[in-house]
Amino acid sequence: MAGQLLEGKTVALKIKEQIKKEAAELKTKFGIQPKLVSVQLGENSASEIYIKSQEKTARDLGIDYELKKLDASVTQDEFIKAIELLNKDKSAHGIIVQMPLPQHIDAKLISRYISPLKDIEAVHPQNMGEIVFGKAKILPCTAAACMELLNSVPSIELYGKEAVIVGHSEIVGKPLALLLLDKFVTTTVCHIATGQRGTLPEFVKKAEILIVAVGKAGLVKGDWVKPGAIVIDVGINRVEGKIVGDVEFDKALEKAAYITPVPGGVGPLTVTILMRNVLEAFKQQQ
Ligand code: NAD
């Protein structure tokens with residue numbers, strides 16, 4: 001029997017309703033509208049799509065949105081000064097720096113300068129550290145989106161399950177491993193070296209929960225998927241003008257109990273979690 005689709009849109013709708021209600025309540029209570037400020041350095045067609053989607057989602061939910069465009073030629077010091085000004089600006093409650101940044105800017109260094117109270121992507125080391133303690137109020141959006149998708153599976157018991165994450169990035173694989181461990185999920189993280197060793201299929205085949213975040217179309221073959229597994233495909237790849245994930249979807253659908261489509265899976269939830277983080281940041285600042 002074919003698996004069921006785990007659609008981010010459906011889960012996002014419920015969370016959006018809560019955000020809309022809370023944003024309105026906060027505005028009434030404090031007399032200010034929560035605001036997200038997005039900082040873009042230079043022009044980039046990939047980030048334009050995300051910026052448009054962020055702005056539309058924010059406005060639909062009653063969150064103010066401002067795009068601060070800086071010239072691609074600004075120096076790292078000038079960029080840090082711009083971030084520090086936003087940290088002091090009481091009307092800016094959440095800050096997001098659009099990626100990718102030009103080569104002369106060190107993204108990891110910049111993340112240290114965003115106030116942890118306004119860091120709605122949880123890229124500041126302090127916010128990352130809170131995840132280790134299981135105390136984070138603001139979570140990295142995509143990792144949190146994966147957890148929301150898992151929690152949306154009817155009657156799922158995460159305790160004691162075996163999960164495999166493919167991809168160990170700082171925004172997805174690493175924080176997600178910590179979030180799963182916090183739920184007592186036995187978690188294995190695979191990465192490029194696993195792929196090079198040729199042992200990736202062995203790990204994937206054991207996964208009751210499989211999360212793939214690599215950025216290589218069709219890397220995970222459908223017949224590697226354990227029957228009855230929950231598959232979350234984070235990957236976004238453009239192949240012959242179409243957007244596809246990292247998992248061979250049609251074949252994986254035959255084996256999985258639940259699988260996210262690409263597009264329409266993790267993506268719509270990620271931007272929703274970003275908005276939830278803006279409200280969380282706003283509350284922490286009041
Ligand atoms: P990244 O690009 O920083 O890192 C890629 C990871 O894949 C690394 O851990 C690397 O070791 C691993 N890897 C590379 N080749 C491999 C192989 N052959 N076998 C096993 N592992 C291998 O990762 P990222 O920034 O987390 O992005 C991953 C994908 O997720 C991209 O396609 C990105 O566009 C997508 N993404 C989607 C969303 C969303 O909201 N849907 C959000 C963030 C990222």
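Basis for what follows: all heavy atoms, side chains included, without hydrogens, waters or symmetry-related copies. Counting convention: from 1, in listed order, for ligands and their atoms alike.
- Contact atoms of ligand 1 toward Leu219: 18 (N), 19 (N) (distance under 4.0 Å to a heavy atom of the residue).
- The distance criterion of under 3.5 Å between nitrogen or oxygen atoms is met by Ile192 with respect to ligand 1.
- Ligand 1 has a nitrogen or oxygen under 3.5 angstrom from a nitrogen or oxygen of His191.
- Near Val172, meaning under 4.0 Å from one of its heavy atoms, ligand 1 places the atoms 26 (O).
- For atom 42 (C) of ligand 1, the closest non-hydrogen atom of the protein is Thr142 OG1, 3.2 Å.
- Nearest protein heavy-atom neighbour of atom 2 (O) of ligand 1: Val214 O, 4.1 Å.
- Shown here are the ring-ring contact (aromatic ring centres under 6.0 Å, His included) partners of Tyr159, two or more places apart in sequence or in another chain: Phe184.
- Within ligand 1, counting atoms from 1 as listed, the ones closer than 4.0 Å to a heavy atom of Gly167 are 6 (C), 7 (O), 9 (O).
- For atom 24 (P) of ligand 1, the closest non-hydrogen atom of the protein is Ser169 OG, 3.6 Å.
- For ligand 1, the polar-atom distance check against Asn237 finds no nitrogen or oxygen pair separated by under 3.5 Å.
- Taking any N or O of Ile236, backbone or side chain, at least one lies under 3.5 Å from an N or O belonging to ligand 1.
- Close approach to Thr270 involves these atoms of ligand 1, each under 4.0 Å from a residue heavy atom: 39 (C), 40 (O).
- Contact annotation for Val166 and ligand 1: only side-chain heavy atoms (C-beta onward) come within less than 4.0 Å of the ligand.
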